[in-house]
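Heads up, the thing below is written out as structure tokens.
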Number of protein chains: 2
Amino acid sequence: MLGDSHSLPLLREILYGYRRFSELATLTGAPRSLLTSRLRKLESAGVIARRRYSERPPRDEYVLTDAGYDLVPVLLALKVWGERHTGEHHQPTAVFRHRCGAELHPVVVCEACGDEVRPGEFEVSGGTHPPILRP
Amino acid sequence: MLGDSHSLPLLREILYGYRRFSELATLTGAPRSLLTSRLRKLESAGVIARRRYSERPPRDEYVLTDAGYDLVPVLLALKVWGERHTGEHHQPTAVFRHRCGAELHPVVVCEACGDEVRPGEFEVSGGTHPPILRP
DNA sequence: CGCAGTCAGTCCGGAAGTTGGACCTACAAC
DNA sequence: GTTGTAGGTCCAACTTCCGGACTGACTGCG
């Protein structure tokens, strides 16, 4: 779902609160035809919803569903990675503010012990790997 | 970097510990030619490294770099999402065990207050959005 | 030695996905 | 009635992807 070109940037912009077709077109740089098909695909995947906000003229907007909001940890983790590992500090990045009042710096922790999950501090086992089937 | 087809599954398998070309080929299902170019791309992005483990015959293996391990939170967050939101419980998924002994259930928390970051409990501001430039 | 098998690829032609520009419908403003 | 905006669709070029065949450098077996 996220492995398609433009899907990740598209979701990011929607998370940032942009919800209009033409905003998303210019922000992502995706051709409008592709944007249409990505929006439809994400909609049928259940992560965004299309809402008609004007009947006449007919106007639609796109917002995250609850399942879409659940992708926030993924996007935040990716944001953290990007800021740490790419020299391209893409302009003033968005600032996330948590309800606690502080600027939101997301950290991935182990639920059991509460410690941050760092490289090498965990083991992967099992990992039976389904062959990937594409329809 | 992750928006290319097969990149995410590929990184997952490498995280699971598979490091040989032909393993990765069958696990991801990607054609070998594509796999080659993805591995090269990820290598030049600095998330994986190619190591020669045999001179004769020449054999290479692929492992995560430190920057690659820093992607673990992203992959873990995605794993959590997938398990919660897709009916396809893809066979026995891999089990991650944290050094604390418990099975690793990753949670994204706010660094300041330590609370889990949930939908609607934060605000995005700023979000100046560079137009995406593709070379 | 000769033959089979494995590993890490490359090569190639057809299929699929992407791109940007033109075009369309439905309005609103002047 | 002309211009502008929003949300698209259509299409022909272009790029990527696919899967199967092929290669080179070995190892193992009898």
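Lettering of chains follows the sequences in order, A, B, ..., and the numbering in each one begins at 1. Remember, it's a predicted structure, so these values are computed and weren't measured experimentally.
Between B:R20 and C:dT6 there is no side-chain polar atom (N or O) within less than 4.0 angstrom of OP1 or OP2. Under 4.0 angstrom from either OP1 or OP2 of D:dT9 there lies at least one side-chain N or O belonging to A:T36. In this model, the phosphate group of C:dG9 is approached by a side-chain N or O of B:Y62 to a distance below 4.0 Å at OP1 or OP2. Remark: B:Y53 is in phosphate contact with C:dA8, judged by side-chain N or O atoms under 4.0 Å from OP1 or OP2.
The CD-P distance, from A:E55 to C:dA28, rounds to 13 Å in whole Å. In this structure, B:L39 atom CG and D:dC17 atom P are separated by 13 Å, rounded to whole Å. Residue B:L27 contributes atom CG, which lies 13 Å from atom P of C:dA8 at whole-angstrom precision. Taking atom CG on A:L24 and atom C1' on D:dG7, their separation rounds to 12 Å, with Å as the unit. The distance from atom CG of B:L35 to atom C1' of D:dG19 is 14 Å, rounded to the nearest whole Å. In this structure, A:R52 places its CZ atom 13 Å from C1' of C:dC27, rounding to the nearest Å. Between A:H6 atom NE2 and C:dG17 atom P the separation is 15 Å, expressed in whole Å.
Taken from CG in A:L75 to CH2 in B:W81, the straight-line distance is 11.0 Å, to the nearest 0.5 Å.
Between A:R38 and A:R59, the residue anchored closer to the 5' end of DNA chain C is A:R38, taking for each the nucleotide with the nearest heavy atom. Along DNA chain D, the nucleotide closest to A:P58 and the one closest to A:S33 are compared, and the more 5′ of them pairs with A:P58.
Here the side chain of B:F21 is nearest to one of C:dT18, D:dC17, C:dG9, namely C:dG9. Of the candidate nucleotides C:dG9, D:dC17, D:dA6, D:dC17 has the atom lying nearest to any side-chain atom of B:S5. Of the candidate nucleotides D:dG19, D:dG8, C:dT10, D:dG8 has the atom nearest to the side chain of A:R40. Residue A:L34 places its side chain closer to C:dT18 than to any other of C:dG9, C:dT18, C:dA8. Side-chain atoms of B:S22 lie closest to C:dC7 of the nucleotides C:dA28, C:dC7, C:dT18.
One N or O on the side chain of B:R97 and one on the backbone of B:G101 form a donor-acceptor pair closer than 3.5 Å.
Within 3.5 Å, no donor on the side chain of A:R56 pairs with an acceptor on the base of C:dC27, nor the reverse. For A:R32 and D:dG7, a side-chain-to-base donor-acceptor distance below 3.5 Å is present, hydrogens and geometry of angles not being considered.
As judged by a 4.0 angstrom heavy-atom cut-off over every strand, A:R50 is placed among residues touching the sugar-phosphate backbone only. Nucleic acid contact for A:D60: sugar-phosphate only, since backbone atoms but no base atoms lie under 4.0 Å from a heavy atom of the residue.
B:D60 and B:R20 are not joined by a salt bridge, as no carboxylate oxygen comes within less than 4.0 angstrom of a charged side-chain nitrogen.
Taking 4.5 Å as the limit, some side-chain heavy atom of A:L39 sits within range of a side-chain heavy atom of A:I48.
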List the steps and the verdict of side chain to side chain contact (heavy atoms under 4.5 Å, CB included) for A:R38 and A:L34. CA-CA 6 Å; A:R38 283 293 176 277; A:L34 182 61; 3.6 Å; yes
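No side-chain donor from either of B:Y18 and B:R12 sits under 3.5 Å from a side-chain acceptor of the other.
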